[in-house]
Structures are given as C-alpha cells and as structure tokens.
There are 2 protein chains.
Amino acid sequence: MREQKKQATREALRAAALRLALERGPDNVRVDDIAEAAGVSPRTYNNYFSSREQAIVAAVTSEREARVAAAVAARPGGVGLADAVVEAIVDQYTASDAPGQDALLLITTRPALRDAFIDTTTAIEHPLTEAIAERLGDGDPSIARVLAASVAAAVRVALEQWLQTAFSSSTASGLVVPSGSLPDFLRATLAPLRPALDAAEQRALRHRQR
Amino acid sequence: MREQKKQATREALRAAALRLALERGPDNVRVDDIAEAAGVSPRTYNNYFSSREQAIVAAVTSEREARVAAAVAARPGGVGLADAVVEAIVDQYTASDAPGQDALLLITTRPALRDAFIDTTTAIEHPLTEAIAERLGDGDPSIARVLAASVAAAVRVALEQWLQTAFSSSTASGLVVPSGSLPDFLRATLAPLRPALDAAEQRALRHRQR
DNA sequence: ACGCAAATTTGCGTGCGCGCAGATTTCTCT
DNA sequence: AGAGAAATCTGCGCGCACGCAAATTTGCGT
C-alpha cells in the first residue's frame, strides 16, 4: 500500500501538471503550483519528476513503455520478430493519440515540451530489450539491447519527422495535427531495421537448434 | 576572424574546465571559476556549453563527430558500407583514447560526467547521417537517418558496457581503464546492425541500376 | 577613416534541480 | 498493540541554466 500511495501522488502530479498547463499555458505554470495542486511539497515534486516538462509529457505517454513491451510479448511466436515489434509499436503509438488531442497540440507548440516528448522514446528501451531478449532466447543479451536501442532511435526519428510536418502544416493550414500519418512514419523508419531483426532471429534459431 | 575568436574562447573554456577539474576534482569547480580562467563572463560560458559537464567532456571528445564522418567518407567505395562504418568508428574511438587517459579516469569516476560522456554519442548522428546518405546516393534520406541513429545508439550501448566493466574492474584490481577492450565492445554492438546496413546498401545499388 | 549594422558579450533576475539532514509516515516483528 | 526499522516527505540552501535587454565588439560599405 506504500506503492499505491506513491503511484497515486504520481498520478495526481501528472494530472495537475496537464490541467494547469492547458488552463494557463505551459509558461505560466510554476512547479510550486503543480505541487500545491497535487497537495505535496515542491521538493516532493522533484522526487517524482526531474524536470517540469516531464510531468506534463508523462500525462500523455504514461506507461507506454510497459504497453509496448507487453504488446511485443503478446504476439504469437510464429509472427516473426520484425512484424511483432513494428506492429506492437504502431499499435501503441496510434492508440494513445486519441485521449489527449489537445495535450498533443500543446506539446507540439512549445519546443521544451517537444523535446521532452521525444526523449520519452528512450524509456521504451529497457522493457523492449527484455521483450526482444525473451523472443531471441538467451543468446548474447547485448544483441537484444542494441536492437531495442535502435528501434527506440527509429521511433524517435519518426516522431521528429512527424512533429516537424505537424508544425509546418499547422502554419500553412489551420491548427491540425496530422495524426493519421504517424503510423506511416513509424513503419517507414522501422523498415530499415527489419533486416537486422530478421538476422538476429535466424541467428537465434540456428543457435537454438544446436 | 570572428569565427576564429569564437573557437578560441571555446577551446579556452574546454582547456580551463579540464585543467581545473583535474586539479581540484570536478566537484570543487564552480562554473564561475572556469569562466574566470578562460577570461570571459560566467554568462558567456553558458553561451558555449549548456551544462558544466559538457565543457569537461568536450575536452576529450571534441570534434570526434566530424572525424567519424570524415573517416566514413574516406573509405573507398568498394569497401562496403558496414565495414566502412564499423572500422571508421573503431578507429576514432580507439585513437582518441590515448590523449586524455587521466581525463577518462576522471570521467568514469563521477556519474554526472559519465552521463555527459555517453550523451556525446548523439552528436555523431548528424554528420554520420550525411556520410551514409552520401554513400547510399539520394534514395530515401530518412533511411540514412535511421541507420545513423541506430549506429549511434549501438555506440552508446558499447560505451555503457565498457564503462560498467571499467568501473567494476577498477574496484577489483587497481585503477585500470581496460581501453583495450573498447574496440571489441564496439564491434560486438555494431555487428547486429550489419544486416541493416548491407540491406540498405543493396537497395541503393538496385535503385541506382534502374 | 568613419559610422552603421550585425553579432557577440555581459549583468541581472528568475525559476529550477538536487544534495542534505531532520521530521514524518509506513512497515515489520514480537 | 507497541517499539524499532525503513522508507518517504519536507524545509533549506546552493549552484546553475537561461531569457532579456543594454553594452561592447566586429565587419562592411563608402
């Protein structure tokens, strides 16, 4: 129940940060305000989030890491590693778009939030490493780590491209986030890594036969 | 000569930061001290480096980015993309170990410096993207970007592993940095990406024939 | 050589991240 | 239930990153 309370305050901080950021605009939100709204000390805030932007972004991306890993693990073994990874990621990144449309717009606006959002891709690295290692069996564990890191990097590139087009198109037309094209970007940036994933999978198969 | 002066102060800041960090230990170095030693205002310091650790680390890794890209470009076209990239990186990361042995020891000691050192891998991404794009011809430019990002990620993993073993072995035996094994780590983490590099290269070849 | 424009430097103020140590809460064992 | 242990929360203080605008330097045209 200690853990419950921790997650509760964490969630409270997330919610407060997002709400205040949407109400007043992200620049008019002091970290003290968020802490007060969540009913904790300002110092405690920094025990949960190491930067002000993290809390706001976390409200959108919270626990996407675990979901991605679970989604990879959920795919049946016959699917092939590359397909499993790509589809799992596409699923998770398209699914979590719907809830916070306005929040995403807020994020794309402010560069600091944009960077924090992009940095969240590194968080999927560890869970994804374990999920890939699970599928590859216990070969060289550093292979899974490199593949996971590369996938995370590809996702980051996709987000960068997507946010860039979102920004430029929003100036041209109205304020529109082209969320429909995110899956396309993800598939495009993940495609070059497929040979590496396939090779690792076949290496694991050969290793397992012996 | 404006650019000359800028690079001069940048270099002065680097040198001052490293010298002071080695003399007193990195915790006893204020940013004001570095600025004063370089003969500039403290505020100017932050116009060049956005964190105190960056200056110290930059003294070791300065312009490794450009060197890696140049090394890739220097390999003859017949070598094959994967070999060109791997060997170029191994060369640059083994070559620049020699100058600052003591500095590296300092970096491995302090976690903050360790993190800053690892973060420098992202700096090679942009030059490497251009170098790879050059070799692939003008196909989809995002392919080169993903490959470069993946390579940078693999290098980061290698550095993490290397620093971890360096730390644990230094407690066991004396204060020894196992620099001899860095190339091995690099080759190991880059190996899983070879299929992706090969595939991209062949894709470019097919595209070029048409 | 002189003055104008652009770039760089500098001082100032603000908010923030975090180490530290004491107070407070929560868990565990008997 | 009660006492001790462990984890968490909180107040304090320090340095630092950075936006802003004025001052200084640098480059260029005439």
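Convention: sequence-line order gives letters A, B, ...; per-chain numbering from 1.
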Original post:
Can you name the side-chain hydrogen bond (donor to acceptor under 3.5 Å, both in side chains) partners of B:Asp83, sequence neighbours left out?
Top reply: B:Arg194

**OP:** Sequence neighbours left out, what passes side-chain contact (heavy atoms from CB on, under 4.5 Å) with A:Ser150? Give chain and number order.
**Re:** A:Val146, A:Leu193, B:Ser150, B:Leu193

Subject >> Residues in salt bridge (charged side-chain N to carboxylate O under 4.0 Å, His left out) contact with A:Glu87, at least two apart in sequence or another chain >> reply: A:Arg187

Original post:
Rounded to whole angstroms, how far apart are CG on A:Asp32 and C1' on D:dG11?
Top reply: 13 Å

Original post:
If you look only at pairs with a residue in residues 118-127 of chain B, which of them pass as a side chain to side chain donor-acceptor pair (under 3.5 Å), with sequence neighbours excluded?
Top reply: A:Arg156-B:Glu125

**OP:** Measure from the side chain of B:Pro42, starting at C-beta and using heavy atoms only, and say which of C:dG11, C:dC16, D:dA17 lies closest.
**Re:** C:dG11

Subject >> Between P of C:dG17 and CG of B:Asp115, the distance in whole Å >> reply: 17 Å

**OP:** Using the test side-chain contact (heavy atoms from CB on, under 4.5 Å), find all partners of A:Pro141 that sit at least two apart in sequence or belong to another chain.
**Re:** none

Original post:
Between the two ends of the helix from C:dA1-D:dT30 to C:dT30-D:dA1, what is the bend in degrees, rounded to 10 degrees, where each end axis spans five pairs?
Top reply: 30°

Subject >> Length of the line joining A:Arg52:CZ and C:dG17:P, which is rounded to integer Å >> reply: 7 Å

Original post:
Taking atom P of D:dC16 as reference, at what distance in whole Å does atom CG of B:Asn28 sit?
Top reply: 12 Å

Original post:
Could you state the CZ-P distance from B:Arg10 to C:dT9, rounded to the nearest angstrom?
Top reply: 10 Å

Original post:
Under 4.0 Å between a Lys/Arg side-chain N and an Asp/Glu carboxylate O for B:Glu160 and A:Arg145?
Top reply: yes

**OP:** Give the rounded distance in Å between these two atoms: CD of A:Gln7 and P of C:dT26.
**Re:** 16 Å

Original post:
Taking NZ, NE, NH1 and NH2 as the nitrogens, is one of them in B:Glu63 or B:Arg67 under 4.0 Å from a carboxylate oxygen of the other?
Top reply: no

Check the interface with nucleotides 18-23 of chain C: list each N/O to N/O pair with the protein under 3.5 Å, or write none.
from	atom 1	to	atom 2	distance (Å)
C:dG19	N7	A:Arg43	NH2	2.8
C:dG19	O6	A:Arg43	NE	2.5

Subject >> d(OH, B:Tyr45; P, D:dC16) in whole Å >> reply: 8 Å

**OP:** Under the salt bridge (charged side-chain N to carboxylate O under 4.0 Å, His left out) rule, collect the residues that match up with A:Glu65, sequence neighbours excluded.
**Re:** none

Got a list of protein N/O to nucleotides 5-9 of chain D N/O distances below 3.5 Å?
from	atom 1	to	atom 2	distance (Å)
D:dA7	O4'	A:Arg2	NH2	3.4
D:dA7	N3	A:Arg2	NH2	3.4
D:dT8	OP1	A:Lys6	NZ	3.4
D:dC9	OP1	A:Tyr48	OH	2.9

**OP:** For A:Glu130, check side-chain hydrogen bond (donor to acceptor under 3.5 Å, both in side chains) against everything at least two apart and list the hits.
**Re:** none

**OP:** List for me each residue that meets side-chain hydrogen bond (donor to acceptor under 3.5 Å, both in side chains) alongside B:Arg24, sequence neighbours excluded, and say none if there are none.
**Re:** B:Asp33

Subject >> Partners passing side-chain hydrogen bond (donor to acceptor under 3.5 Å, both in side chains) against A:Arg75 (at least two apart in sequence or in another chain) >> reply: A:Asp91

Original post:
Rounding to a whole Å, what distance do you find between A:Arg30:CZ and C:dG17:C1'?
Top reply: 15 Å

